[in-house]
S.K.: 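Sending over a structure as structure tokens; questions will come in a sec.
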There are 2 protein chains.
Amino acid sequence: MDRATVAAHPRLDVCHHRSSALLTLHSPFARKLGAFVALTSEEMAALDRLHGRRKTFPARRDMVHQGMTNQSCYILASGWVCSYKLLSGGTRQIVDFQIPGDFLGLRSVLFRTADHNIEPVTKVEASEVLAGDLLDTFSKTPRLATAVLWAASRDEAMVVEHLVGIGRRDARERTAHFLLELGARLKLVGLGTASGFACPLSQYMLGDALGMSAVHVNRVLRELREGGLVTFQRGQVEIHDLDALVALADFDKSYLDHDGPLLK
Amino acid sequence: MDRATVAAHPRLDVCHHRSSALLTLHSPFARKLGAFVALTSEEMAALDRLHGRRKTFPARRDMVHQGMTNQSCYILASGWVCSYKLLSGGTRQIVDFQIPGDFLGLRSVLFRTADHNIEPVTKVEASEVLAGDLLDTFSKTPRLATAVLWAASRDEAMVVEHLVGIGRRDARERTAHFLLELGARLKLVGLGTASGFACPLSQYMLGDALGMSAVHVNRVLRELREGGLVTFQRGQVEIHDLDALVALADFDKSYLDHDGPLLK
DNA sequence: CGCTGTATTGAGGCTCCTCAATCCAGGTGG
DNA sequence: CCACCTGGATTGAGGAGCCTCAATACAGCG
């Protein structure tokens, strides 16, 4: 994997989104959008201007909760957050986790009121994106609107995969799939390797994400550990038998990754 | 709820998307986008041009299946379709049903290869939208890109609600929620009333959508029927006690509907 | 050094599944 | 016009998976 040299014409820089030196000068978010739409330097600059105030949020205190109106959205710089919905019974379902480079709260902005809660799992740093700025940018830089549509579709694909898992995979398969997906995403932003990653999630959170009880999560993790597949202890996930895990989970990462920008 | 008269300036026509006579001249799809972004007549025209060949598909034969490349997407004119994913074990999970006016296959176009299957539930008529036309339209008519982003986000909200249901609602609640959501969507496009709607889905399909077995669907439907809540027989859903059903399902339809366009 | 949140393990029970039989309606061919 | 066929709906019986409750073990922290 040789690094491409920075070409004169910026369009060419992003033909292979993971190999452009120039891109690493921009935010991980810009790098992500560059995977979908080959961005010009103007578009890159517009993206950079989008980043508003840098804000810090403490762990465990909701950044956004259901029903709030006129929210901003955020681009996550460091830390993990989760998006979840509360049910009347007091239970919750975690829809997704966001890791550095992810966009969050887009739906809360597009609809005027938030339809889900956003809670930092750890201490979080994020750039605020004002709703007005976002919509202005879309009208002035239409290709960015398309790029964000693309990114949103990738997020939707993840939610769909999550739905499939909860609907049709049993607890072991579902857990395996979840860990593999998380690992693949973290690897894409340089926060993990093929053999493992740091993971700040508690078994309660895993349970709320996987649609099962924390107790059962514990039993499943033990089974996976005793089967020599994967270990999740003390905030660290170690993948011991990737192939077996992939086979168990029926994991296909194609929905997470692309070879290059789809729109030239 | 008085009907607004058709104003001279088209921008104003769509302030209340369900009350504009002019809009009914356009496709249901245009009406839906108009709920998000107040469309000018030029934008409307661009939307109309998007509709390509009208195609017919027989029931039960996949229109698109996983892995196909270079797909078109479609705007559904009549009939029902479902989007589903197959698992290695031979089971499937239905992610969503599409009804007239819905856009389908957007993700299959944005990514170059389809990540899910699309199967007509009934005989279907749909306008083909070519991938190139779609992207061209986005660049020439940027507000339409934003509008489609909005519509895609609404779809995502539905998938999220579906995920929450499968993860954290039991079979009765889930089924009730599903029927309510379907009813609300059909009502929005004039295919149902508050008291019921025609529904071509078999109990097998319901099971694949709700993440349960067809046998259990049957038992749950019986319970709901015997409880006087709702009857689903011979392709017809009759809602007998809407309030009780809403309470049971913890149903909040705000994610389906909006008061008016969000972007003026 | 107790407090608090998390992890771990056991016991018992409920939900939902699978397998299997029966019933019913619509369509088809004789 | 009826026997047959097919796909869906319905019901029963037994079992697997996951849940809840509850106890105990840990680890970090003020």
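In what follows, chains carry the letters A, B, and so on, assigned in the order in which the sequence lines appear, proteins first and then strands, with residues in each chain numbered from 1. Below, all heavy atoms of this structure are taken into account, side chains as well, without hydrogens, waters or symmetry copies.
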S.K.: Tell me the interatomic distance from A:Arg219, atom CZ, to D:dT20, atom P, rounded to whole angstroms.
M.R.: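 Between P of D:dT20 and CZ of A:Arg219: 12 Å.
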
S.K.: Provide, to the nearest angstrom, the distance between the CZ atom belonging to B:Phe232 and the P atom belonging to D:dA9.
M.R.: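 So the two atoms are 7 Å apart, to the nearest Å.
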
S.K.: Let's see if you get this right: which residues in residues 205-218 of chain B place a heavy atom under 4.0 Å from DNA chain C?
M.R.: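 B:Gly211, B:Met212, B:Ser213, B:Val215, B:His216 - these, ordered by number, are the residues of the stretch whose heavy atoms sit under 4.0 Å from the strand.
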
S.K.: Please confirm whether B:Phe29 and B:Tyr74 have ring centers closer than 6.0 angstrom.
M.R.: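 Distance test on ring centres: not under 6.0 Å, no.
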
S.K.: Quickly, which of A:Glu181, A:Glu156, A:Arg154, A:Glu161 forms a side-chain hydrogen bond (donor to acceptor under 3.5 Å, both in side chains) with A:Tyr255? Name it, please.
M.R.: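 Answer after filtering A:Glu181, A:Glu156, A:Arg154, A:Glu161: A:Glu181.
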
S.K.: Got a sec, which residues hit side chain to side chain contact (heavy atoms under 4.5 Å, CB included) with A:Ser78, two or more places apart in sequence or on another chain?
M.R.: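 For A:Ser78 the side chain to side chain contact (heavy atoms under 4.5 Å, CB included) partners, ignoring immediate neighbours, are A:Glu125.
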
S.K.: Output one letter per nucleotide in nucleotides 24-30 of chain D: B when a protein non-hydrogen atom lies under 4.0 Å from the base, S when only the sugar-phosphate is that close, - when neither is.
M.R.: -------

S.K.: Just to verify, what does A:Leu86 make a side chain to side chain contact (heavy atoms under 4.5 Å, CB included) with, not counting sequence neighbours?
M.R.: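 Per chain and number, A:Leu86 pairs via side chain to side chain contact (heavy atoms under 4.5 Å, CB included) with A:Gln66, A:Tyr84, A:Arg92, A:Asn117.
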
S.K.: Distance alone, cut at 3.5 Å: any donor-acceptor contact between the side chains of B:Ser83 and B:Gln98?
M.R.: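 Yes, because at least one side-chain N or O of B:Ser83 sits under 3.5 Å from a partner of the opposite role on B:Gln98.
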
S.K.: Given that B:Arg172 and A:Gln203 both sit by DNA chain C, which one's nearest nucleotide is further toward the 5' end?
M.R.: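 Residue closer to the 5' terminus by nearest nucleotide: A:Gln203.
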
S.K.: Are the ring centres of B:Phe251 and B:Phe178 closer than 6.0 Å?
M.R.: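 Not close enough - the centres of the two rings lie 6.0 Å or further apart.
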
S.K.: Would you classify A:Arg60 as touching base, sugar-phosphate or nothing, given that sugar-phosphate means primed atoms plus P, OP1 and OP2, and contacts are heavy atoms under 4.0 Å?
M.R.: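 It contacts sugar-phosphate atoms only.
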
S.K.: With rounding to the nearest 0.5 Å, note down the distance linking CE in B:Met158 to CZ in B:Phe97.
M.R.: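 Interatomic distance, B:Met158 CE to B:Phe97 CZ, rounded to 0.5 Å: 11.5 Å.
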
S.K.: Looking at every heavy atom in both B:Val109 and B:Gln71, which two are closest together, and how far apart are they?
M.R.: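 Nearest heavy atoms, B:Val109 then B:Gln71: CG2-O, 3.3 Å.
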
S.K.: Whole angstroms only, please: what is the CG-P distance between B:Leu221 and D:dG8?
M.R.: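 Interatomic distance, CG of B:Leu221 to P of D:dG8: 15 Å.
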
S.K.: Tell me: CZ of A:Arg222 to P of D:dG17, nearest whole Å?
M.R.: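 So the CZ-P distance, A:Arg222 to D:dG17, works out to 15 Å.
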
S.K.: Could you walk me through whether A:Lys85 and A:Asp208 pass salt bridge (Lys or Arg N to Asp or Glu O under 4.0 Å), step by step?
M.R.: CA-CA 10 Å; A:Lys85 292 193 92 161; A:Asp208 283 339; over 6 Å; no

S.K.: Can you name the closest pair of heavy atoms from B:Val129 and B:Ser72 and give their distance?
M.R.: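 Minimum heavy-atom separation between B:Val129 and B:Ser72: O-CB, 3.4 Å.
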
S.K.: If the condition is side chain to side chain contact (heavy atoms under 4.5 Å, CB included), which residues does A:Ala171 pass it with, not counting sequence neighbours?
M.R.: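 Only A:Met212, A:His216, A:Val220 meet the side chain to side chain contact (heavy atoms under 4.5 Å, CB included) criterion with A:Ala171.
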
S.K.: Taking heavy atoms of chain A and a 4.0 Å limit, find me the 5'-most and 3'-most nucleotide of DNA chain C within that range.
M.R.: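 Range of nucleotides within reach of chain A: C:dT6 to C:dA11.
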
S.K.: Provide, to the nearest angstrom, the distance between the CZ atom belonging to A:Arg168 and the P atom belonging to D:dG17.
M.R.: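 After rounding, the gap between these two atoms is 16 Å.
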
S.K.: Could you state the CG-P distance from B:Leu201 to D:dG8, rounded to the nearest angstrom?
M.R.: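 So the CG-P distance, B:Leu201 to D:dG8, works out to 12 Å.
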
